[in-house]
Amino acid sequence: MASPLQRLTILGSTGSIGLSTLDVVARHPDRYQVFALSAHGQLDKLVAQCAQFRPRHAVLADPARLPELRERLAVAGLGDIEASAGVQALEYVASHAEVDAVMAAIVGAAGMRPTLAAARAGKRVLLANKETLVMAGRLFMDAAREGGATLLPIDSEHNAIYQCLPQPFNDQPAQGVQRILLTASGGPFRQFSAEQLREVTPAQAVKHPNWSMGRKISVDSASLMNKGLEVIEARWLFDLQPERIAVVVHPQSVIHSMVEYVDGSVLAQLGNPDMRTPIAYGLAWPERIDAGVASLDLFQIARLDFEQPDTERFPCLALAFEALRLAGAAPAVLNAANEEAVAAFLDARIGFTDIAGLNEAALRSVSAAFDADSLDSLIAADASAREFARGWLSQHGH
């Protein structure tokens, strides 16, 4: 007997994760049905996706563009799709009773509330929005447990760790685990000197050597802040203290991460660097389905290299560990400051190495003023860090 269609809400459908998710979904029309799509502002892509997948809802982040979306849908003969906008609309489609699974792929702090809504509603949450765990790790994990949500990490590293942990995943995932080893490509500037890093341009920083990603995440990968945020994520996802999380630079990006057990075993998950693999794993778990990803050719790869990360040239990674030690709202402060710093770098208002300078200043100046006991407090910490960052940029920017 055929299994019922799994109904999906895809938050951030026009970004790279959203596009890859829809690619996998399109390969399995007998398994998946799109309930809602959301986008930040790419109306052309969103309307085209609506035409192909015929969701019940199309949601924009910005309410000011809602009339334009409705008009575009009507012109395309898609007037039966309900168009809405804003945070409440995103929360609605993330927690709707008819939704089985939510791909949480909105980049940045904007994705936190709808992802939290999905967790509280007990959905299968495919977590590609790292800021939810970085900003509100304890609150989010508590909400997922209380709501009975199934949480499946989509970041390739955390997905790899999940695959290497004892299954089924339970409330004591760290049993028998010595530590986890997060692999990092090292980014495009892995071999740059400190002097060369000061001259890096935005155009260079958005060209990742292995992965196809958005501009902000590409810059984070280049600075190793992305790996730092993943360390914070891993601390909450797998309930491990920071000293049991290590980062290993692995330029080939073939081993996506490893788990070391107390008996000396190290389990690794390998594959081509293609986000459709972890997406397909999350969609179909505990089954496996075709993701459209080419088989890994170990003979073509021929070698696998490993290096220690250099936190002197790439201090953002060390700042993430410091934020975990400071606890409270410190990770939320670091994340918010980094978003402002990366935006300023992409606008050529600061240099590449200034990103870490701003992040460190915000972490030291803002963190102690806030706790992590409520979402309101964390959002206030986020706002305060951004205000601090803007002040810092007015003094140090160009």
Side-chain angles (χ1 to χ4, degrees), residues 5-26 32-74 76 78-133 135-136 140 149 151-152 154-155 213-217 275 279 282-283 339:
L5 288 170
Q6 191 178 156
R7 289 158 298 190
L8 308 174
T9 285
I10 302 174
L11 302 174
S13 67
T14 59
S16 60
I17 296 292
L19 293 173
S20 292
T21 302
L22 289 172
D23 181 89
V24 175
V25 166
Y32 305 108
Q33 183 178 60
V34 177
F35 176 84
L37 298 172
S38 91
H40 180 69
Q42 296 190 68
L43 261 61
D44 287 345
K45 279 187 182 178
L46 181 60
V47 172
Q49 290 173 348
C50 286
Q52 181 178 356
F53 292 95
R54 305 301 292 231
R56 291 248 301 275
H57 297 266
V59 187
L60 282 177
D62 183 5
R65 300 194 68 186
L66 183 55
E68 184 185 353
L69 174 60
R70 284 178 173 153
E71 183 183 346
R72 298 276 289 276
L73 289 172
L78 303 169
D80 58 328
I81 294 175
E82 186 172 334
S84 55
V87 174
Q88 287 185 319
L90 291 169
E91 289 180 321
Y92 176 80
V93 297
S95 59
H96 196 282
E98 293 183 34
V99 170
D100 300 304
V102 176
M103 171 57 77
I106 295 175
V107 175
M112 186 167 66
R113 284 192 184 275
T115 307
L116 202 52
R120 286 175 174 150
K123 304 303 181 187
R124 172 180 290 218
V125 181
L126 311 180
L127 189 64
N129 168 277
K130 59 171 51 70
E131 286 76 14
T132 299
L133 281 172
M135 286 184 67
F140 181 75
L151 185 58
L152 290 155
I154 299 303
D155 259 356
M213 304 184 293
R215 284 164 59 81
K216 192 264 181 186
I217 297 175
M275 286 306 297
I279 288 166
L283 284 169
E339 284 190 15

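Atoms considered below: every heavy atom in the structure, side chains included; atoms not considered: hydrogens, waters and symmetry mates. Numbering of residues begins at 1 and proceeds along the displayed sequence.
Legend: residues meeting side-chain hydrogen bond (donor to acceptor under 3.5 Å, both in side chains) with Asp44, ordered by chain and number and at least two apart, are Arg72. Residues satisfying the side-chain hydrogen bond (donor to acceptor under 3.5 Å, both in side chains) test with Thr21, not counting sequence neighbours, are none. Residues satisfying the salt bridge (Lys or Arg N to Asp or Glu O under 4.0 Å) criterion with Glu339, sequence neighbours excluded, are Arg386. By the side-chain contact (heavy atoms from CB on, under 4.5 Å) test, Ala51 pairs with Leu78, sequence neighbours left out. Listed by chain and number, the residues in a side-chain hydrogen bond (donor to acceptor under 3.5 Å, both in side chains) with Ser13 are Gln49 (sequence neighbours excluded). Remark: Lys130 pairs with Asp155, Asn226 by the side-chain hydrogen bond (donor to acceptor under 3.5 Å, both in side chains) rule, at least two apart or across chains. Considering only residues two or more places apart in sequence or on other chains, Ala85 meets the side-chain contact (heavy atoms from CB on, under 4.5 Å) condition with Leu60, Pro63, Leu66.
Going from atom CD1 of Ile17 over to atom CD1 of Ile217 covers 7.0 Å, rounded to the nearest 0.5 Å. Interatomic distance, Gln42 CD to Thr14 OG1, rounded to the nearest 0.5 Å: 4.0 Å. Remark: Leu151 CG to Leu133 CG distance equals 6.5 Å, nearest 0.5 Å. A distance of 14.0 Å separates NZ of Lys45 from SG of Cys50, quoted to the nearest 0.5 Å. Between Phe53 atom CZ and Leu22 atom CG the span is 4.5 Å, to the nearest 0.5 Å. One finds the CD1 atom of Ile10 at 11.0 Å from the OH atom of Tyr32 (value rounded to the nearest 0.5 Å).
Listed by first then second residue, pairs satisfying salt bridge (Lys or Arg N to Asp or Glu O under 4.0 Å) with a partner in residues 78-92 read Arg54-Asp80, not counting sequence neighbours. Applying the ring pair (Phe, Tyr, Trp, His ring centres under 6.0 Å) test to pairs two or more places apart or on separate chains, those with a residue in residues 95-133 are Phe35-His96, Tyr92-His96.
What you find for Lys123 and Ala94 is that their closest heavy atoms are CG-O, 3.6 Å. In this structure, Gly41 and Arg65 approach most closely via the heavy-atom pair O-NH1, 2.7 Å. Val59 approaches Ala89 most closely through the heavy-atom pair CG1-CB, 3.7 Å. Residues Leu90 and Ser38 come closest through the heavy atom pair CD2-CB, 3.5 Å.
Within 6.0 Å of CD in Gln88 there are 12 or fewer heavy atoms belonging to other residues, nucleotides or ligands.
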Show every donor-acceptor pair shorter than 3.5 Å between a side-chain atom in residues 97-118 and any protein atom, with sequence neighbours excluded, or say none if there are none.
{"unit_1": "Glu98", "atom_1": "OE1", "unit_2": "Arg56", "atom_2": "NH1", "d": "2.8"}
{"unit_1": "Glu98", "atom_1": "OE2", "unit_2": "Arg56", "atom_2": "NH2", "d": "3.4"}
{"unit_1": "Asp100", "atom_1": "OD2", "unit_2": "Arg7", "atom_2": "N", "d": "2.8"}
{"unit_1": "Asp100", "atom_1": "OD2", "unit_2": "Arg7", "atom_2": "NE", "d": "3.4"}
{"unit_1": "Thr115", "atom_1": "OG1", "unit_2": "Gly111", "atom_2": "O", "d": "2.6"}

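Counting heavy atoms from C-beta on, the side chains of Leu8 and Leu283 come closer than 4.5 Å.
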#### Entry: Step-by-step side-chain contact (heavy atoms from CB on, under 4.5 Å) determination, Val93 to Leu11
CA-CA 9 Å; Val93 297; Leu11 302 174; 4.2 Å; yes
